[in-house]
Amino acid sequence: MHKILLLIFTLSLGALAISCTKAEAPTKKLTIAVIPKGTTHEFWKSIHAGSNKAAQELAAQGTQIEVIWKGPLREDDREQQIQVVEGFAAQGVNGIVLAPLDNRALVRPVSDAQRAGVPTVIIDSGLESDEFVSFVATDNRKGGSLAADRMGQLLNGKGKVLLLRYAEGSASTTEREEGFLETMKQKFPEIELVSTDQYAGATRDTAKRASENLLNRFGDEVQGIFTPNESSTAGMLLALQDIGKAGKVSFVGFDSSQTFIDAINANQLHGIVVQNPFNMGYLGVKTMVDSLLGRPVSKKIDTGVMLVTKENMGTPEVQTLLHPPLDQYLK
Amino acid sequence: MVADVKQSRAFFNAGQLQSWLNRLGPVLGLLLVIGIFSILMDTPARFLSPNNLRIVLSQTVIVAIGAIGMTLIIISGGIDLAVGSTIALTGVITALGINGGLPPSVALLTGILVGGLVGVVNGLVITRLKVVPFIATLGMLGVARGVAKWMANQQTVNMPSTWLNELLVMFPNPAWLLVAPGVWIAIVLAVCAAIVLRNTVFGRRVFALGSNEAAARACGIATDRLKVWIYGLAGLLFGLAGVMQMSRLRQGDPTVAAGSELDIIAAVVIGGGSLNGGEGSILGSMIGALIMAFLRNGCQQVGWPNYIQEIIIGAIIVVAVAIDRWRSARS
C-alpha cells in the first residue's frame, strides 16, 4: 500500500517537474500582474490602457501576454496593496508591474516575491530597495521644477505662494514638492512661501476640506498656489470655484483630467504638469517582458513629463498626451 | 405648557441647574474650542469671520445629517457602522441616476430611498435574524461599499452639473440664504428630529426601547417593528448625507467617506449620547459634529500637522464621555 502511494507521489512529482519545465519555454503565455495605487483616478486608466497596448504589440511579435489588472480601490490602503502583491506572488504569475503606495511598506512583499521567483518592475513611485528589475517613472523632481518655473513666470518672480502637499509617505509627490520648493528658492528668491506643511490627504473630499481651511487663512494674501497630484488639484480647484477665487490666483497643478482642461480654458488653472501614464504602463509591461525573455534592461527609465498651458494646449503633441487612446485599449 | 411654566419658576433649584448644565456641557466645549483657537491664531478675525463660519458649517453638514440618524439609533440602544458605506453607495446611485437622464429631484429622491432601504435591511437582519446591531451593520459596511464600487464600475462617476451641485456651495444663490442650502436643510431636519424625539409617542418609545428593552416590550411596544422603523428612518438621513457628499465633490465616488461612521458616532458621543442606549440629544450631537469640524479647521489654520488633530480629537472623545460619566455618577 505504502509503496503504491509512494509511486503515485513520485509520478506526480515527475509530472509536475515536466509541466514546470514546459512553463519556462518561451512559447508559453506570460502572465503579468499590473498593480496600480488605486483604480478610481483617470491617471490609472491610462496606465491600464498603456499596458494593454504593450500586451497587444508583444502578441503581434509572437509573445503571448496576459495582463491582469488589480489594485486596492482606495489610494491609501497600503495593507490591501501588500495583500494583492502577496496574492500574485503565491499565485505564481511570471512578473509583477507595481506602483507602490509607499516607498517602504512594499519593500518586504516585493523582495518576498523576488525570492518566490516573481520579479517586479516598479512604476510611478519609488521603492527603497534594489530588488526590482527596473524603475519606470516620471522624473518627478523635474516635474515639480517645471511647475516652479511656470509659477515664477506667472508672478514675475514676486509674491506669495502656497503649496498644499498630497499625503505623508508618498515618494512621487514628495519629490515633486521638493523639486518645486528647490527651484522656487534657487530661481525666485523674492517669492515668499507662506504655507508648505499642510497635507491634502488621499481623496478629493479631504483635499477640498484642507483647501477651504487654508484659503480662509491665506486666501487674501497669496498670489500663487501649487498642488502636486490629481486629487489635490481637483480639491483645490473646487474650493477656489466655490469661493469665487478661481482665476484670481495663479494656480499650477499636476496630472490631467477633463475637469482640468476645462479649467485651463476658463483661465482658472494656469498650467498643469502632465506625466505620460500611458507610456508608463506601456514601458512597464514591455520592460518586464524584455527582462523575462533575458534581454538587457536599464535600471531606470524616464517616461517623460511636460507643462501644459492654454498656449500649447492645441498642439498635437499635447493632445495625444491629454487624450491617450483609452477606448482603443480598454474594454 | 403648564408644566413648562412651573419648571421655569423653579429654575434655580439644584436639580434644574444640574440638568441645564448637562445640556449646556457640549455648548461650553464648543465655545472653549473656538476660544482657544482664537487666542492661538495670529489672525483671529479671519478665524471668526462669517466666511470661515460658512466653511465650517458646509463641512459639518454631512456628519451632522448622519449624526441625526445615528442619534436615533444610539438612543434606541443600537449602533450603525455602515454609514460611510451607505453615503458612498447613495452618492454613486444619485450620480448614476443623473447620468441616466433622471431629473435631479428624482435622482435625489432615489438616493435617499436607497439609504432608507439599506436601513430597513439592517433593521430586518437585526430583528428577524437576531443578529446584534454591531455585527449586522458591520456586514452591511462591506456589502454597501462593495455594491457601490460594483455599480460605479470601480471608477468615480462624473456627471453633468445640476442644481444638486449647489447644495453645499459657500456662497449660496440667492445670497439672502447666507449659508449653503444644505446647511439649512440640516438645521430644519435637526429641529424636526429634536421635536419628534421629545414630544411624540414615537420619540418616547425610542427612549423607552433604549433604556430597557424588556420593560418596553412588557408595556406593549412592538419593539421589533420599532427597530425597523428607526433603522429605516436613519437610513433615509444617511441617504441624504450621501447626496450631500456627491454634491460637495460634484461626482459619485465609491471610495469616499470610509471611516466617517466613526466621526458620526463620535459626534453623538461627544454630544452626550450613551452607547448603552436611552440617552442622547440631537442638539448635543450637532454640537459634537461642530466641535470636530472646528478642530480640523482650526488646527489647519494654525498650521499644526495632521497628527496633532487626530490626537486632540481622540482625547476629546474620551474626555467628553468621562465628564459625562462623572456627572451622572454624582447626580
Side-chain angles (χ1 to χ4, degrees), chain A residues 36 38-42 44-45 48 69-77 80 162 164-165 167-168 194-221 230-231 234-235 237-245 257-259 262 330, chain B residues 41-43 46-47 49-56 58-60 62 87-88 91 145-146 148-150 152-158 165-166 168-172 180 245-246 248-260 293-294 296-307 309:
Chain A
T39 47
T40 47
H41 286 209
E42 289 170 39
W44 304 113
K45 276 196 230 173
H48 190 184
W69 176 257
K70 186 171 170 58
L73 203 59
R74 247 171 96 77
E75 266 221 23
D76 62 354
D77 200 336
Q80 243 195 62
L162 183 154
L164 178 61
R165 290 175 186 264
E168 293 98 331
V194 290
S195 166
T196 58
D197 58 356
Q198 292 295 307
Y199 287 88
T203 66
R204 252 193 204 209
D205 185 46
T206 55
K208 185 178 182 192
R209 217 183 301 162
S211 303
E212 285 173 341
N213 295 342
L214 279 182
L215 286 173
N216 183 61
R217 171 69 182 79
F218 297 111
D220 292 341
E221 39 178 315
E230 183 180 350
S231 59
L237 184 63
L238 281 171
L240 284 170
Q241 285 169 343
D242 268 10
I243 57 170
K245 265 195 119 60
S257 76
Q258 190 54 46
T259 324
D262 295 342
L330 289 183
Chain B
M41 201 83 57
D42 52 346
T43 53
R46 191 166 301 205
F47 180 66
S49 68
N51 271 354
N52 196 40
L53 198 63
R54 283 199 182 111
I55 292 174
V56 174
S58 302
Q59 291 177 349
T60 315
I62 295 163
I87 287 176
R145 177 75 62 185
K149 291 175 181 176
W150 176 32
N153 203 10
Q154 306 210 32
Q155 305 283 341
T156 49
V157 182
N158 289 307
N165 284 353
E166 307 296 311
L168 285 179
V169 294
M170 256 185 74
F171 296 103
Q245 180 74 70
M246 183 212 71
R248 232 178 108 72
L249 300 184
R250 323 255 151 93
Q251 61 173 202
D253 179 354
T255 65
V256 82
S260 69
F294 265 110
R296 285 214 183 91
N297 175 276
C299 286
Q300 202 126 40
Q301 294 189 29
V302 174
W304 286 345
N306 288 0
Y307 56 82
Q309 303 174 30

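Chain letters run A, B, ... following the sequence lines, proteins first and then strands; every chain starts at 1. None of the values given here were measured: they were computed from a predicted structure.
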Exercise for review: First locate atom CD of Gln258(A), then atom CG of Asn158(B), and finally report the distance between them rounded to the nearest 0.5 Å.
Suggested key: 9.5 Å

Under 4.5 Å heavy-atom distance to chain A, tell me which part of [X] shows up: side chain, backbone, both or neither.
X	value
Ile62(B)	neither
Gln245(B)	side chain
Ser58(B)	neither
Asn153(B)	neither

Review point. Hey, does the side chain of Gln301(B) reach the backbone of Asn213(A) with a donor-acceptor pair shorter than 3.5 angstrom?
Key: yes

Exercise for review: Indicate yes or no for a side-chain donor-acceptor contact from Gln300(B) to the backbone of Leu214(A) under 3.5 Å, with no hydrogens or angles considered.
Suggested key: no

Exercise for review: Among the options Ala234(A), Ala239(A), Gly235(A), Ala210(A), pick out the one with the most heavy-atom pairs lying under 4.5 Å from chain B.
Suggested key: Ala210(A)

Revision key, fill the gap. Salt bridge (Lys or Arg N to Asp or Glu O under 4.0 Å) test vs Glu212(A) passes for just one of Arg296(B), Arg248(B), Arg54(B), namely Arg248(B)

**Study point:** Over all atoms of both residues, closest heavy-atom pair of Gly303(B) and Asp197(A)
**Key:** O-OD2, 3.7 Å

Exercise for review: Measure across Leu238(A) and Leu249(B) and return the closest heavy-atom pair with its distance rounded to 0.1 Å.
Suggested key: CD1-O, 3.9 Å

Check your understanding: For the side-chain hydrogen bond (donor to acceptor under 3.5 Å, both in side chains) test, which of Asn52(B), Asn297(B), Asp42(B) pairs with Arg217(A)?
Key -> Asp42(B)

Practice item. State, yes or no, whether a side-chain contact exists between Arg46(B) and Asp220(A) at a heavy-atom distance under 4.5 Å. Key: yes

Practice item. Indicate yes or no: at least one non-hydrogen side-chain atom of Asp253(B) is less than 4.5 angstrom from one of Asp205(A). Key: no

